[in-house]
2 protein chains.
Amino acid sequence: MRIGELAKKLDLPTSRIRFYEARGLLKPGRNLNGYREYPDDAAATLRLIGDAQRLGFTLSEIREGLAKAVSNRPSPGAVRVALTSKLAIIDRHIKEASARRREILRLLKDLENCE
Amino acid sequence: MRIGELAKKLDLPTSRIRFYEARGLLKPGRNLNGYREYPDDAAATLRLIGDAQRLGFTLSEIREGLAKAVSNRPSPGAVRVALTSKLAIIDRHIKEASARRREILRLLKDLENCE
DNA sequence: CTACACCTTCAACCTAGGTTTAAGGTCAAG
DNA sequence: CTTGACCTTAAACCTAGGTTGAAGGTGTAG
């Protein structure tokens, strides 16, 4: 599959797919004419990248994860460590956002009292 | 007060204070020698900027808010609109983070079952 | 007079995650 | 042979929020 078809299938710009490759997340083969040739599972990899980003992983972290996944099949332990540390980050995130939320509610309440 | 003293008082680099000025958030006076001279309330303004950032406002939004605050005293209505729309953004944020959290917990559970 | 701390500006650099543009190669159809 | 769609690369540009460095002025103490 060439890059245009892959991009269309996943509805993302070709530039982003090349960008991920530049960041080391993908390593497509090449046709005789130099065109990138993607295996069928490239779509799944790209979806995985999107999912991981949504879970809060950076492209560097995803690159490392993918590298381990291809080399020596990731140990469930390593995956658990990664997920657990990300969970802690998200928890902190939620706590901070909740604090901001309370603060804004307080400000809105103050505002009511002075109108 | 000069920039160094102000920076020390708030424990932030002078570069950041100049950066905020470049973004239009501060407009200090100048001494005869060209040094920036800050009124006492500059510290409060800088704290306000920090608070607003923590509440999720961008520097542009804060600049607009400060501009309205000095020109024609912000109407409580305008402030409420700003806070309410920010509240909606934070709520969405929290919802998304919670969804990510659940997803990670699910993955961790799956991991337990396959160990 | 010399040090030294403090101040100035402007421009370059940084991370993160991309998009846009320029210049050019490939390939099938008409 | 030309046109158009598709592909290539490198480099520039973008937002957001800054930091860093170079080159030089100011002010005070010894």
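What you see is a predicted model, and the numbers here were worked out from it, not measured in a lab. Just so it is clear: chains get the letters A, B, ... in the order the sequence lines come, proteins before strands, and each one is counted from 1.
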Engineer: What contact category does A:R36 fall into here, base, sugar-phosphate, or nothing, at under 4.0 angstrom with non-hydrogen atoms?
Structural biologist: sugar-phosphate
Engineer: Return the value, rounded to whole Å, for the distance between atom CD1 of B:I3 and atom C1' of C:dA5.
Structural biologist: 15 Å
Engineer: Contact class for A:R2 (heavy atom, under 4.0 Å): base, sugar-phosphate, or nothing?
Structural biologist: sugar-phosphate
Engineer: When rounded to the nearest 0.5 angstrom, what distance separates CZ in B:R63 from CD1 in B:I49?
Structural biologist: 11.5 Å
Engineer: Other residues, nucleotides and ligands only: do more than 12 of their heavy atoms fall within 6.0 Å of CG on B:D40?
Structural biologist: no
Engineer: Charged N to carboxylate O under 4.0 angstrom, B:E64 versus B:R23?
Structural biologist: no
Engineer: When the distance from CG of B:L32 to P of C:dC7 is rounded to whole Å, what number comes out?
Structural biologist: 16 Å
Engineer: What residue pairs, at least two apart or across chains, pass salt bridge (Lys or Arg N to Asp or Glu O under 4.0 Å) with a residue in residues 4-19 of chain B?
Structural biologist: none
Engineer: Can you check the A:I62 CD1 to C:dG18 C1' distance for me, whole Å?
Structural biologist: 14 Å
Engineer: Rounded to the nearest angstrom, tell me the gap between atom CD in A:E5 and atom C1' in C:dC27.
Structural biologist: 16 Å
Engineer: In the structure I gave you, are the side-chain heavy atoms of B:L59 and B:F19 within less than 4.5 Å of one another anywhere?
Structural biologist: yes
Engineer: Do A:R47 and A:D51 meet the salt-bridge criterion of a basic N to acidic O distance under 4.0 Å?
Structural biologist: no
Engineer: For B:K8 and C:dC6, what is the distance between atoms NZ and C1' respectively, to the nearest whole Å?
Structural biologist: 11 Å
Engineer: Does a salt bridge link A:E96 with A:R102, judged by any charged N lying under 4.0 Å from a carboxylate O?
Structural biologist: no
Engineer: Rounded to whole angstroms, how far apart are CZ on B:R18 and P on C:dC7?
Structural biologist: 8 Å
Engineer: Separation of B:E37 atom CD from C:dC6 atom P, in whole Å?
Structural biologist: 16 Å
Engineer: Taking only Watson-Crick and G-U wobble pairs with both distances under 3.5 Å, what dot-bracket line describes DNA chain D, where [ ] shows pairs that cross earlier ones and | shows pairs with another strand?
Structural biologist: ||||||||||||||||||||||||||||||
Engineer: Looking at C:dG25, I'd like to know if its phosphate oxygens (OP1 or OP2) sit under 4.0 Å from a side-chain N or O belonging to A:R30.
Structural biologist: no
Engineer: Using a 4.0 Å heavy-atom cut-off, write out nucleotides 11-26 of chain D from 5' to 3' as B (base contacted by protein), S (sugar-phosphate only) or - (no contact).
Structural biologist: ------BBSB----BB
Engineer: Taking side chain as C-beta onward, heavy atoms only, is B:I17 less than 4.5 Å from B:L10?
Structural biologist: no
Engineer: Does a salt bridge link A:D91 with A:K95, judged by any charged N lying under 4.0 Å from a carboxylate O?
Structural biologist: no
